[in-house]
Amino acid sequence: MPSLEIRDLFVALAATPDKPIVKGLNLTIRTGEVHAIMGPNGTGKSTLSKAISGHPDYVITSGDVILDGKSILEMEPDERARAGLFLAFQYPSEIPGVSIANFLRAAVQARLAEGEELDATAYYKRLYSKMDMLKIDRKFTSRSVNEGFSGGEKKRCEILQMAMLEPTFALMDETDSGLDIDALRIVAEGVEAMRGDKLGVLLITHYQRLLDYIVPDFVHVMYDGRIVKSGDKTLALELEAKGYDWVKQELAAATA
Amino acid sequence: MSASPLSTTPAEGLSSAHFATHLSRSAALPAWWLDAKKAAWNQFTALPLPSRTDETWRFSDLKGLDLTGFGLPEAAPQATPKHAAFPQSAELVFANGQATRGPVPADLAGRGVIFAPLEEALREHGDLVRSYFQKHPANLGSEKFVALNTALTATGAFLYVPADVEVALPFVVQHTLTGQNVAAFPHTLVVLGPRAKATLVEFFVSGGAASERQLVSGVNDLHAAEGAQLTYVGAQHWSRQTLAFQVNSIAAGRDARVLSLNLHLGGRQARHESHSRLLGPGAHSEMLALTVADGDREFDQRTLQTHVAPHTTSNLLYKNALLDTAKTIFSGLIIVEPDAQKTDAYQKNRNLMLSDEAEAHSLPGLEIQANDVKCSHGSTSARIDAEQEFYLQARGIAPAAARRLLVTAFFEEVLNKLENEDVHAALTALIASRFQA
């Protein structure tokens with residue numbers, strides 16, 4: 001069964017490599033599993049997802065990330081994506097002039113063997129069925145990627161890309177931020193529809209409410225750059241009720 | 001049209017001996033043409049190379065203007081692959097100067113359409129060629145190289161479409177140059193009679209290795225009479241080591257509409273000059289250019305929109321995509337002459353910077369001698385931000401494909417101005433080929 005293993009990972013900003021943000025994080029995700037990482041702001045959740053995806057602003061100073069038994073640290077971001085990783089961005093970029101259809105087409109084409117031509121008819125058929133599932137108007141295909149999109153449209157567009165690219169592991173960075181309840185439900189339904197034994201998901205979220213719609217198999221609490229507590233879905237409810245101070249106090253008591 | 005057997009003399013390059021032999025091979029052509037060539041050769045040898053003090057060569061790499069070592073090419077070594085695979089009216093292919101031609105359809109020939117190699121046109125329609133040849137020189141700084149073109153040109157197309165004849169499918173000309181240290185001097189002359197309509201698409205390509213050092217000085221004279229509609233597309237993909245000059249002159253009469261689009265993909269140093277003259281009320285010139293500047297290439301573009309008659313319009317949009325350590329220069333001027341009241345002129349240069357080390361110079365200018373006009377110009381340089389690049393890569397799109405996507409998107413605004421979908425698609429494919437890993 002494919003797995004994504006994060007081993008004793010240390011991550012810093014490339015500009016300040018001696019100041020780690022993620023400090024020795026361990027986590028293994030298998031396909032079929034949905035993990036949620038929760039934690040207060042500034043604890044390194046987004047840094048973790050960006051570093052795994054290969055964002056050039058971040059540097060992995062030690063540790064390893066193993067996808068299907070192979071380290072991905074030497075791979076370029078596009079190679080990591082083609083190897084099966086998908087990052088759903090918290091703040092997706094706007095790319096004026098590049099239509100959604102052409103953008104996704106290039107991404108799908110990038111996954112074909114060299115010299116293999118994309119079957120345009122099959123591509124559009126699949127694109128439209130995914131768009132229908134996510135209740136995205138077909139007119140969207142000719143709009144520039146994320147340009148002038150509302151928060152909800154941007155996040156639905158992220159899920160559309162995920163549905164089209166069929167990753168093995170999806171890292172979803174604060175996918176619930178900026179969503180009203182209807183958009184949140186549509187996004188969650190989209191993820192639930194993809195859920196299954198071919199996909200592993202890491203949900204990064206500040207709030208419990210996303211987890212009402214996408215029920216995780218595992219919940220981890222991240223604090224000060226590492227996972228300090230793990231449990232099942234009830235941990236998320238406990239956090240919601242008691243707040244993050246509860247974890248901090250527990251942690252302080254344990255190290256006192 | 002046969003290839004010249006002239007030997008190359010690497011030490012000195014193109015010499016009077018070359019010219020004398022070229023002239024003797026042209027002996028069957030009209031006397032006025034030979035006289036024009038002699039005058040041009042004298043002008044070429046008399047004019048100095050551009051110098052630092054020439055405002056029209058500001059920012060240009062003058063050291064790159066090295067003409068030594070070039071000679072005229074031998075016959076093309078092999079059959080030339082054709083570039084245009086779209087429906088067309090007729091085609092002319094020049095391979096190292098040797099012409100191959102497709103027939104002009106009988107219905108067009110019957111209505112007086114002429115589409116022929118320049119030397120054939122000189123023999124058969126000498127007076128017609130004479131009345132338009134270099135009638136309106138561009139005069140934007142490359143006079144020495146235009147003189148060299150006149151002196152040595154033996155290739156190029158003459159397109160004549162008489163009054164009231166509309167031709168739907170494009171005419172296609174392809175120039176292919178193959179060999180080390182060879183030079184080409186294509187000359188295109190297009191004359192559209194009153195209310196005629198036609199499209200001419202020219203491809204300029206090197207046929208051999210990217211390392212072949214070549215020299216090209218090409219000239220286009222485009223004439224659109226009253227009410228004529230002319231679309232001209234010139235796409236160059238010269239070798240990596242080519243020094244290229246392309247000088248366009250556009251003359252638009254009353255209510256004529258001319259659209260010119262130049263696509264620049266190749267060369268080591270490529271200079272492009274384009275001068276539109278709006279000669280009759282209601283004339284319009286749409287001046288478009290797209291450039292992919294990568295490596296350490298230099299693309300040098302100088303333009304002039306001269307509004308001579310009142311109620312004339314012009315719209316210039318030059319877009320450059322810059323990568324690596326490439327350099328572009330855009331220098332554009334709009335001149336509104338005293339009589340050209342109600343002129344509406346626009347000029348814009350947009351640069352897409354895909355590298356921090358690339359260099360885009362923009363020198364827009366206006367010279368207005370009338371008092372009731374609408375003129376504006378501007379230039380912008382936009383950087384691709386790192387977040388956009390990462391976003392594309394995070395979807396599995398490799399850097400080269402990501403750049404192709406961004407450049408294609410940037411160019412689409414210009415390509416969309418082409419009426420002919422096939423030509424649009426052919427240019428898109430040509431641009432995409434520049435981003436193949």
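All heavy atoms count here, side chains included; hydrogens, waters and symmetry mates do not.
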remark   = Under 4.5 Å to a heavy atom of chain B? For A:Glu94 that would be backbone
key: Toward chain B, the part of A:Val108 with a non-hydrogen atom under 4.5 Å   = neither
key: Residue among A:Ala106, A:Ser93, A:Gly97, A:Pro56 with most heavy-atom pairs under 4.5 Å to chain B   = A:Ser93
ask   = With only heavy atoms counted, which part of A:Pro167 is less than 4.5 Å from chain B, the side chain, the backbone, both or neither?
value = neither
ask   = What do you reckon, is CZ of A:Arg143 surrounded by more than 12 foreign heavy atoms closer than 6.0 Å?
value = yes
message = Applying salt bridge (Lys or Arg N to Asp or Glu O under 4.0 Å) as the test, list every pair that has at least one member in residues 101-123 of chain A; sequence neighbours left out.
response = none
key: Shortest non-hydrogen separation from B:Leu392 to A:Phe103 and the atoms involved   = CD2-CE1, 3.3 Å
ask   = Looking only at side chains, do A:His55 and B:Gln393 share a donor and an acceptor under 3.5 Å apart?
value = no
message = Take a 6.0 Å sphere around CG of A:Asp197 and say whether it holds more than 12 heavy atoms from other residues, nucleotides or ligands.
response = no
task = Please state whether the side chain, the backbone, both or neither of B:Ala398 comes within less than 4.5 Å of a heavy atom of chain A.
result = both
key: A:Tyr91-B:Tyr391 aromatic ring centre distance below 6.0 Å   = no
remark   = Smallest heavy-atom separation, B:Gly396 atom then A:Ala110 atom, equals O-CB, 3.2 Å
message = What residues of residues 406-427 of chain B make heavy-atom contacts with chain A at a cutoff under 4.5 angstrom?
response = B:Leu406, B:Ala409
key: Student check: side-chain heavy atoms of A:Asp57 and B:Glu387 closer than 4.5 Å   = yes
ask   = Which pairs count as ring pair (Phe, Tyr, Trp, His ring centres under 6.0 Å) when at least one residue sits in residues 148-171 of chain A, sequence neighbours excluded?
value = A:Phe140-A:Phe149
task = Under 4.5 Å, counting heavy-atom pairs only, tell me which of A:Ala81, A:Ser144, A:Ser99 racks up the most with chain B.
result = A:Ala81
key: Atom group of A:Leu87 that falls short of 4.5 Å from chain B, counting heavy atoms   = both
For residues 71-78 of chain A, tabulate all N or O donor-acceptor pairs below 3.5 Å that involve a side-chain atom, not counting sequence neighbours.
{"unit_1": "A:Ser71", "atom_1": "OG", "unit_2": "A:Asp64", "atom_2": "OD1", "d": "2.7"}
{"unit_1": "A:Ser71", "atom_1": "OG", "unit_2": "A:Leu73", "atom_2": "N", "d": "3.3"}
{"unit_1": "A:Asp78", "atom_1": "OD2", "unit_2": "A:Arg82", "atom_2": "NH1", "d": "3.0"}

message = Restricting to non-hydrogen atoms, name the atom on B:Arg395 and the atom on A:Ala88 that form the minimum distance, rounded to 0.1 Å.
response = NH2-CA, 4.4 Å
